[in-house]
Amino acid sequence: MDIDVLGELAVRENGVSVTPTAPKPRQVLALLALHADRVVPVASLTEELWGQRPPRSARTTLQTYVLQLRELISAALVHDTPPGTSPGTPPGTVAGGGHGTVRGGRRSAKDVLVTSPGGYLLNTSGGTSDVRTFELLAGQGYRAMDAGDFAGAARQLREALALWTGSALAGVQSGVLLEMHARRLEETRLCALDQRIEADLRLGRHRELLGELTVLVSRYRTHENLHGQFMLALHRSGRRSEALEVYQRLRAALVRELGLEPSAALRRLQRSILMAHPEPQLEPAPRTGERLSRAG
């Protein structure tokens with residue numbers, strides 16, 4: 001089973017989509033996909049679907065949604081290749097001839113969407129997950145940054161970010177749990193983006209970054225590190241006055257929306273540009289925490 005959640009939800013078995021169009025079953029599949037190969041408690045699925053006030057029929061209705069998902073999975077499993085057969089063997093054919101139940105076990109929908117004590121589990125059988133791939137590539141990028149390999153970091157982080165095709169879980173009706181997961185995924189994307197831009201700055205690609213950073217600071221009006229990177233790229237491109245204007249716009253947004261002044265690190269960067277030091281540096285921010293707490 002292959003799972004994509006970094007954009008539109010897409011779940012495929014044997015290359016066949018098992019993603020329902022109905023909102024509630026889609027919601028159930030999304031939560032199971034985010035916890036692939038782990039049991040999702042019935043209580044969590046119920047909270048996601050109905051919040052703190054589920055109907056009396058909640059468990060029965062949830063079972064109906066699971067049944068609908070299994071019907072989609074069953075249709076995809078027609079293309080499954082059981083042990084002892086070649087990919088061209090007709091469905092239901094036993095190796096050596098004959099039809100009927102395949103020895104060794106053709107998978108059923110219940111083997112893929114498993115009922116476990118207290119919940120359900122989506123068994124990927126070693127398939128792909130764009131979240132897992134993203135986390136692997138981003139981790140490699142962070143380690144390259146720590147080792148001073150900025151070219152390698154930029155390459156790995158760019159590859160990780162290319163997995164995103166839109167907002168996480170786009171097109172899925174989200175309850176409290178999916179909303180929380182979507183925010184967490186967005187924060188990991190911003191963290192990887194921040195580090196990739198930092199790597200590009202270290203490689204002297206400040207002019208190439210100007211267009212991208214113009215869009216980003218417009219979208220994230222109170223994200224300090226993105227604004228600091230934009231200031232640095234502008235200053236290194238000989239646009240000192242515009243770099244200082246970026247600081248003033250950020251300060252106004254922080255005061256107006258959050259009641260905060262820019263951080264000490266950003267104020268030092270602003271003073272450095274104001275005094276026209278030849279190569280000011282943006283102090284590295286932590287990969288979680290402060291940078292994201294002021295993201296808007």
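These numbers come from the heavy atoms of this one structure, side chains and all, not from hydrogens, waters or symmetry mates. What you see is a predicted model; the values in this text were computed from it and never measured.
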Enquirer: Could you state the interatomic distance from CZ (Arg239) to NE2 (His235), rounded to the nearest 0.5 Å?
Expert: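 One gets 13.5 Å once the value is rounded to the nearest 0.5 Å.
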Enquirer: In the single-linkage hydrophobic clustering (I, L, V, M, F, W, Y; side-chain heavy atoms under 4.5 Å), do Leu32 and Leu67 co-cluster?
Expert: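 Unlinked, Leu32 and Leu67 end up in two clusters.
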Enquirer: So how far is it from Arg267 CZ to Gln270 CD, rounded to the nearest 0.5 Å?
Expert: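 The distance works out to 9.5 Å.
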Enquirer: Looking at Asp200 and Arg158, does any basic side-chain N land under 4.0 Å from a carboxylate oxygen?
Expert: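 Counted as a salt bridge, because a side-chain N and a carboxylate O are separated by less than 4.0 Å.
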Enquirer: With clusters defined by side-chain heavy atoms of hydrophobic residues (ILVMFWY) lying less than 4.5 Å apart, directly or transitively, does Leu193 cluster with Leu136?
Expert: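 Result: no, two separate clusters.
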Enquirer: In Å, rounded to the nearest 0.5 Å, how long is the span from CZ of Phe230 to CD of Glu212?
Expert: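 Phe230 CZ to Glu212 CD: 11.0 Å, rounded to 0.5 Å.
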Enquirer: Going hydrophobic residue to hydrophobic residue with side-chain gaps under 4.5 angstrom, can you get from Met1 over to Val39?
Expert: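 They do not share one cluster, since no chain of ILVMFWY contacts under 4.5 Å joins Met1 to Val39.
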Enquirer: I'd like to know if the side chain of Arg236 and the backbone of His206 have a donor-acceptor N/O pair within less than 3.5 Å.
Expert: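 No: the side chain of Arg236 does not pair with the backbone of His206.
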Enquirer: So if you build clusters from Ile, Leu, Val, Met, Phe, Trp, Tyr with side-chain heavy-atom gaps below 4.5 Å, do Leu29 and Met180 land together?
Expert: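 In one cluster with Leu29: Met180, yes.
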Enquirer: Rounded to the nearest 0.5 Å, what's the gap from CG on Leu31 to CD on Glu47? Could you check?
Expert: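 Here the rounded value is 9.5 Å.
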Enquirer: Between the side chains of Arg205 and Glu208, is the shortest nitrogen-to-carboxylate-oxygen separation below 4.0 Å, so that they form an ion pair?
Expert: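 A salt bridge is absent here (no side-chain N lies under 4.0 Å from a carboxylate O).
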Enquirer: Under 3.5 Å, is there a donor-acceptor pair between the side chain of Arg196 and the main chain of Ala153?
Expert: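 Checked: no pair found.
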Enquirer: For Ser116 versus Leu121, what's the shortest heavy-atom pair and its separation?
Expert: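 Distance-wise, the nearest heavy atoms are OG-CB, 4.2 Å.
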Enquirer: Compute whether any side-chain donor of one residue and acceptor of the other, for Arg70 and Thr115, lie under 3.5 angstrom apart.
Expert: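 Short answer, yes.
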Enquirer: Parallel, tilted or perpendicular: which describes the rings of Trp50 and Tyr65, with under 30° parallel and over 60° perpendicular?
Expert: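 Ring orientation, 0 to 90° scale: parallel.
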Enquirer: Give a yes or no answer on whether the side chain of Thr61 reaches the backbone of Ser57 with a donor-acceptor pair at less than 3.5 Å.
Expert: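 Yes, the answer is positive, given that a donor and an acceptor are paired below the 3.5 Å cut-off.
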Enquirer: Could you measure the distance from the OG1 atom of Thr133 to the CG atom of Leu137? Nearest 0.5 Å is fine.
Expert: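 The OG1 atom of Thr133 sits 6.5 Å away from the CG atom of Leu137.
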Enquirer: Enter the distance from Phe134:CZ to Arg189:CZ here, rounded to the nearest 0.5 Å.
Expert: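 CZ of Arg189 is found 8.5 Å from CZ of Phe134.
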Enquirer: Does a side-chain N-to-carboxylate-O contact under 4.0 Å join Glu48 and Lys24?
Expert: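 Result for this pair is no, no salt bridge flagged.
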Enquirer: Can you list the steps and then say if Leu210 with Ser237 is a side chain to side chain contact (heavy atoms under 4.5 Å, CB included)?
Expert: CA-CA 9 Å; Leu210 291 177; Ser237 300; 3.7 Å; yes
Enquirer: Report yes or no: do Glu257 and Thr222 form a side-chain donor-acceptor pair below 3.5 Å?
Expert: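 The answer is no; no qualifying pair exists.
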Enquirer: Taking the side chain from Asn123 and the backbone from Ser125, do they hold a donor-acceptor pair closer than 3.5 Å?
Expert: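 It does hold such a pair.
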Enquirer: Taking 4.0 angstrom as the limit, do Glu198 and Arg202 come out as a salt bridge?
Expert: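 A salt bridge is present here (some side-chain N lies under 4.0 Å from a carboxylate O).
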Enquirer: Quick check on the hydrophobic clustering: are Leu213 and Leu161 connected, directly or via other members, by side-chain heavy-atom contacts under 4.5 Å?
Expert: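 Linked within one cluster.
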Enquirer: Would you say Asp111 and Ser108 are linked by a side-chain donor-acceptor pair, where the criterion is simply a distance under 3.5 Å?
Expert: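 Per modelled atom types, Ser108 and Asp111 side chains form a pair under 3.5 Å.
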Enquirer: Salt-bridged, Arg107 to Glu13, with N to O below 4.0 Å?
Expert: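 Yes.
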Enquirer: Do Glu245 and Arg251 meet the salt-bridge criterion of a basic N to acidic O distance under 4.0 Å?
Expert: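 No, this pair does not count.
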Enquirer: Please check if the side chain of Asn225 supplies one atom and the backbone of Asp194 the other of a donor-acceptor pair under 3.5 Å.
Expert: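 Looks like no, no N/O pair under 3.5 Å.
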